[in-house]
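All values derive from a computational prediction rather than experimental measurement. Hydrogens, waters and symmetry mates play no part in the numbers below; they use all other heavy atoms, side chains included.
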Amino acid sequence: MREQKFEGAVTGKGDIYHDKTLLLEERTAVFFHIEGDQIYVDQRKEGAAAGIWYVAQYEEYAVQPGKRKTVHLSSGQPLGKDRIYYLPRGMEIWIGSEKNRFLLE
């Protein structure tokens with residue numbers, strides 16, 4: 001039996017995904033899309049507001065905003081489009097608006 005190791009998780013803290021956790025696989029991105037007031041997650045990079053993946057080597061999360069002023073740190077600081085940011089476990093971000101908050105676990 002193969003032992004499963006922790007490879008990262010993103011937990012919703014806002015309205016829509018409150019207390020729902022998305023488990024991540026090592027270096028496999030998930031993409032957050034915004035349509036109107038709604039946000040959803042899938043594996044499609046095209047048109048995504050942001051991509052997030054876990055990098056076990058650094059024990060950090062890589063976050064890559066796909067659009068301007070859509071990904072913010074909990075402090076309100078926006079992250080720049082198409083740049084990759086390495087964020088530690090325990091960091092909270094929001095995507096699109098503050099109601100779409102996520103905790104990097």
Side-chain angles (χ1 to χ4, degrees):
M1 184 170 175
R2 194 177 121 193
E3 182 180 319
Q4 186 171 4
K5 64 180 183 169
F6 178 77
E7 294 181 336
V10 177
T11 300
K13 295 298 178 187
D15 294 345
I16 300 171
Y17 290 106
H18 187 72
D19 285 339
K20 295 197 179 1
T21 300
L22 176 64
L23 300 177
L24 302 179
E25 293 180 21
E26 165 72 14
R27 295 185 184 262
T28 300
V30 293
F31 297 96
F32 291 76
H33 297 266
I34 300 171
E35 283 188 10
D37 290 341
Q38 300 294 316
I39 188 166
Y40 66 93
V41 181
D42 67 17
Q43 296 297 131
R44 187 175 45 89
K45 183 176 182 175
E46 302 80 35
I52 299 177
W53 61 97
Y54 183 69
V55 183
Q57 177 183 355
Y58 305 131
E59 295 184 6
E60 292 184 319
Y61 292 82
V63 177
Q64 184 175 26
K67 298 181 179 181
R68 288 186 70 235
K69 297 183 180 181
T70 55
V71 181
H72 296 77
L73 300 178
S74 59
S75 66
Q77 176 186 347
L79 302 182
K81 177 185 174 193
D82 295 330
R83 297 179 66 187
I84 297 175
Y85 297 86
Y86 292 94
L87 304 177
R89 181 169 291 143
M91 178 73 73
E92 189 172 290
I93 61 171
W94 49 274
I95 301 171
S97 73
E98 285 188 73
K99 71 178 186 175
N100 299 319
R101 292 177 293 126
F102 296 92
L103 178 64
L104 307 176
E105 296 196 271

- Could you go through the side chain to side chain contact (heavy atoms under 4.5 Å, CB included) check for Val10 and Val41 one step at a time? CA-CA 11 Å; Val10 177; Val41 181; over 6 Å; no
- Query: Which residues pass the side-chain hydrogen bond (donor to acceptor under 3.5 Å, both in side chains) test with Asp42, sequence neighbours left out?
  - Reply: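 Only His33 meet the side-chain hydrogen bond (donor to acceptor under 3.5 Å, both in side chains) criterion with Asp42.
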Heavy-atom check, side chain of [X] versus side chain of [Y], under 4.5 Å:
X: Gln57; Y: Arg27; value: yes
X: Ile39; Y: Tyr17; value: yes
X: Gln43; Y: Thr28; value: yes

Check for me, please, whether [X] and [Y] land in the same ILVMFWY cluster - side-chain distances under 4.5 Å, paths through other members count.
X: Leu22; Y: Ile52; result: yes
X: Phe32; Y: Leu87; result: yes
X: Leu24; Y: Ile93; result: yes

Do you know which two heavy atoms are closest between [X] and [Y], and how far apart they sit?
X: Pro65; Y: Gly80; result: CG-O, 3.5 Å
X: Thr21; Y: Glu105; result: OG1-OE1, 4.3 Å
X: Gly90; Y: Leu103; result: O-CD1, 3.4 Å
X: Leu23; Y: Ala9; result: CD2-CB, 4.0 Å
X: Ala49; Y: Thr70; result: O-OG1, 3.4 Å
X: Ala50; Y: Val71; result: CB-CG2, 3.5 Å

- Dump the intermediate steps for side chain to side chain contact (heavy atoms under 4.5 Å, CB included) on Lys13 and Asp19, then the final yes or no. CA-CA 6 Å; Lys13 295 298 178 187; Asp19 285 339; 3.6 Å; yes
- Task: Can you spot which of Tyr85, Tyr54, Tyr86, Phe102 makes a ring pair (Phe, Tyr, Trp, His ring centres under 6.0 Å) with Tyr61?
- Result: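 Of Tyr85, Tyr54, Tyr86, Phe102, ring pair (Phe, Tyr, Trp, His ring centres under 6.0 Å) with Tyr61 is met by Tyr54 alone.
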- Above 12 or not: heavy atoms from other molecules or residues under 6.0 Å from CZ of Arg83?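 For Arg83, atom CZ is not crowded (no more than 12 foreign heavy atoms under 6.0 Å).
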- Query: Does Glu59 CD have over 12 foreign heavy atoms under 6.0 Å away?
  - Reply: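 Counting other residues, nucleotides and ligands, CD of Glu59 stays at 12 neighbours or fewer.
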- Task: Apply side chain to side chain contact (heavy atoms under 4.5 Å, CB included) to Glu46 and Phe31, showing your working.
- Result: CA-CA 9 Å; Glu46 302 80 35; Phe31 297 96; over 6 Å; no
- Between the main-chain N or O of Glu26 and the side-chain N or O of Glu7, is there a donor-acceptor pair closer than 3.5 Å?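 The answer is yes, because a donor-acceptor pair under 3.5 Å joins these two groups.
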- Message: Could you check whether any side-chain N or O of Glu25 sits under 3.5 Å from a backbone N or O of Gly8, counting only pairs where one atom can act as donor and the other as acceptor?
- Response: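 No; judged by distance alone, with no hydrogens or angles, the pair does not exist.
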- Message: For Val63 and Ile84: C-alpha separation, side-chain torsions, deciding distance, then whether side chain to side chain contact (heavy atoms under 4.5 Å, CB included) applies.
- Response: CA-CA 6 Å; Val63 177; Ile84 297 175; over 6 Å; no
- Applying side-chain hydrogen bond (donor to acceptor under 3.5 Å, both in side chains), which residue pairs with at least one partner in residues 91-100 are found, sequence neighbours left out?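 Only Glu92-Arg101 qualify under side-chain hydrogen bond (donor to acceptor under 3.5 Å, both in side chains).
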